[in-house]
**Q** 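The structure is given below, and queries will be raised subsequently.
Just follow the structure's listing: the first ligand is 1, and inside any ligand the first atom is 1.
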Amino acid sequence: MNSLSNGGSAAARQFPEGFLWGTGTSSYQIEGAVSADGRGPSIWDVFAHAPGNTFHGDTGDVACDSYNRLEDDVAIIRELGVGAYRFSVSWPRVLPSGSGTVNQAGLDYYRRLCERLLEHGIQPVVTVYHWDLPQALEETGGWANRDTAYRMGELAQVLGTALGDQVRMWITINEPLQTVHQGYRAGTHAPGKRDDALAAAATHHIMLAHGLATQALRACTPAGTRIGPTMDTQPYIALDSASEAVADILDADFNRVYLDPVLRGSYPDAARTGFRPPDELIQDGDLEITATPIDFLGVNYYRPHHVRSGDWEDLRLGERRIGGFPGFVQYMAPDLPRTVMEWGIVPESLRDLLLRLHRESGGLPLYITENGCAADDYISPAGTIDDHERVGYIHGHLGAALEAIAAGVNVGGYFHWSLMDNFEWAEGYRRRFGLFYVDFESGRRVAKRSAHFYAQVARSGELPPLQDVVPSGERLPDVPATPAAV
Ligand code: NOJ
């Protein structure tokens, strides 16, 4: 709940003129067609096919079959009435071996997509790297190998040259924290490594890749093209004064190692070994490259983390240990509303994050490049998908964005994650994030109630009072009967 949930003046509920409404997806999560037209394998093809890595062994082999359903996808984006569509390029579709020979058929697919979007007045917003590294580059060390950063610079140059006349807004990297943490530290995402030294090396190389891609795009795209990275800065909120210092270190480990090289040209001293890239990997000039000027900062926001003191030997409901900090726990209040991902729903923490990033970036334009929730969506006997939870979630977070704007933050746009249900990485197809429901067997896309709601907001630029969109008496958002696992 925030001040705009059920009230606020019409003026306070109005988004600024020119605010960019959008929605997003990423290549491996939607495209399928993994062997079509010369595409090479990615680390996600390999990871998803290895037993035990994804829920029920789900893979992106078919996904939403977007490669073959380009027209269907453009049609549903049009239905939303949004001004922009964020998608990512599958690196191995364009450079099947990661580098060198370009696969023209792959590039043609993205040119066609941009063309169709532009015909309908929808701006393509392209993410260069959204996690599907060519397997060929993994075989030479993946992100732990410095050369991969240069290969991403090469990819950006190929894309900028081929699509630069169509694309005015580029996102270099998506959530480097997840590439590093889940891919190299926790092993829960491709390439499934569990090695702190590799993770620290990957941190530097992916930030270097961001800088090199920014420079490459800048050099081959028309003046006025906007370029920036997308970060998932995760707020760590201390619930007692003893935890403040711990929250600060976690912020350095998980957030500032990605923000600072871009915004300050340094890595934070407060980050621990295994998080902060070791000095011997940082060559002269690297931090000037990571800090190449950007035009905006992309912000992916889903949830905060609450930290408090707590007994490791006697964990209570909603508490889990924080590695390396005996006596401190990550906490989730049992009555905190949460999504089916067990992520707490705290819209005001988006507002605070926007305020923080505004301060730290010296007032750079911020775009909310992802925000959304998974819910237990289903088609009712009446043929409707009544995802009140998602409507409530969007409403709360847009209200938080409005509060940040009112406080002077330059928020340029909002991209709901996601256009449609898709392959949710290690969670497979069981976690539905879409505004459109996808029947994965037939490929049919069906608008959920949230799609209608979002279309109304995007077309009018105004956030209606919640009671006008979710009839009273309907339950939202759900507090599960079984509290979060400890
Ligand atoms: C972040 C990622 O960028 C996206 O790929 C993912 O599906 C969403 N978060 C939801 O987890």
Side-chain angles (χ1 to χ4, degrees), residues 22-32 42-45 47-48 53-55 58-60 63-64 66 85-91 125-133 143 170-183 186 188-191 206 210 228-235 254-255 258 297-305 338-346 349-350 353 367-377 387 389-390 393-394 397 414-438 440 450:
T23 181
T25 59
S26 87
S27 43
Y28 188 72
Q29 293 182 274
I30 65 162
E31 285 179 3
S42 80
I43 53 173
W44 267 96
D45 295 289
F47 185 77
N53 283 340
T54 63
F55 188 73
D58 286 348
T59 72
C64 309
S66 285
Y85 175 51
R86 173 185 179 223
F87 62 89
S88 78
V89 168
S90 160
W91 186 340
V125 175
V126 177
T127 309
V128 176
Y129 183 68
H130 198 131
W131 305 358
D132 43 358
L133 188 76
W143 287 110
W170 295 86
I171 293 167
T172 51
I173 46 171
N174 176 70
E175 300 196 354
L177 162 63
Q178 300 309 328
T179 293
V180 170
H181 185 70
Q182 298 213 64
T188 44
H189 276 188
I206 196 159
H210 151 75
T230 272
M231 306 277 185
D232 58 324
T233 307
Q234 311 221 342
F254 291 101
N255 296 324
Y258 307 100
L297 188 62
V299 181
N300 286 2
Y301 171 81
Y302 289 90
R303 56 155 169 182
H305 300 290
R338 65 195 73 181
T339 73
V340 294
M341 298 286 281
E342 295 279 322
W343 294 351
I345 303 175
V346 190
S349 151
L350 169 62
L353 174 63
Y367 284 83
I368 301 166
T369 41
E370 279 185 37
N371 172 242
C373 72
D376 284 328
D377 303 322
D387 57 337
E389 304 90 329
R390 185 168 292 102
Y393 185 98
I394 298 174
H397 289 80
Y414 174 93
F415 290 71
H416 188 72
W417 185 270
S418 173
L419 169 64
M420 59 189 155
D421 299 336
N422 56 48
F423 176 75
E424 178 52 24
W425 307 113
E427 297 296 327
Y429 295 100
R430 72 166 166 164
R431 296 301 185 218
R432 294 180 175 272
F433 273 89
L435 293 167
F436 284 81
Y437 183 92
V438 176
F440 289 105
S450 58

**Q** Do me a favour and list the nearest non-hydrogen protein atom to atom 7 (O) of ligand 1 with residue, atom name and distance?
**A** Glu424 OE1, 2.6 Å

**Q** Is a side-chain donor-acceptor pair under 3.5 Å present for Gln234 with Tyr302?
**A**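 No.
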
**Q** Give a yes-or-no answer on whether the side chains of Arg431 and Asn422 include a donor-acceptor pair shorter than 3.5 Å.
**A** no

**Q** Going by the atom numbers of ligand 1, which of them fall below 4.0 Å from some non-hydrogen atom of Tyr302?
**A** 8 (C), 9 (N), 10 (C)

**Q** Counting heavy atoms only, which of Glu370, Gln178, His189, Gln29 is nearest atom 3 (O) of ligand 1?
**A**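 Considering heavy atoms of Glu370, Gln178, His189, Gln29, the nearest to atom 3 (O) of ligand 1 sits in Glu370.
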
**Q** Looking at ligand 1, would His130 count as a contact under a 4.0 Å heavy-atom criterion?
**A**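 Within the 4.0 Å threshold, so yes.
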
**Q** So that I can tick it off, tell me whether Asp377 and Arg390 are bridged by a salt bridge, with the cut-off set at under 4.0 angstrom between side-chain N and carboxylate O.
**A**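 The answer is yes: the pair qualifies as a salt bridge.
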
**Q** What is the ring orientation for His181 with Phe254, classed by angle as parallel under 30°, tilted 30 to 60°, or perpendicular over 60°?
**A**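 The rings of His181 and Phe254 stand perpendicular, inter-plane angle above 60°.
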
**Q** May I ask you to identify, for Trp343, whether its side chain, its backbone, both or neither come under 4.0 Å of ligand 1 on a heavy-atom basis?
**A** side chain

**Q** I'd like to check which ligand 1 atoms, numbered from 1 as shown, lie under 4.0 Å from a non-hydrogen atom of Phe433.
**A**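 This gives 10 (C), 11 (O) as the contact atoms.
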
**Q** Find out whether the Lys NZ or Arg CZ of Arg430 is both under 6.0 angstrom from the six-membered ring centre of Phe55 and within 45° of the ring's axis.
**A**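 Relative to the ring axis of Phe55, which defines the angle, Arg430 lies inside both limits.
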
**Q** Among side-chain atoms of Ser349 and Tyr301, is any donor-acceptor pair under 3.5 angstrom?
**A** yes

**Q** Report the part of Asn174 in contact with ligand 1, treating N, CA, C, O as backbone and CB onward as side chain, heavy atoms under 4.0 Å; options are side chain, backbone, both, neither.
**A** side chain

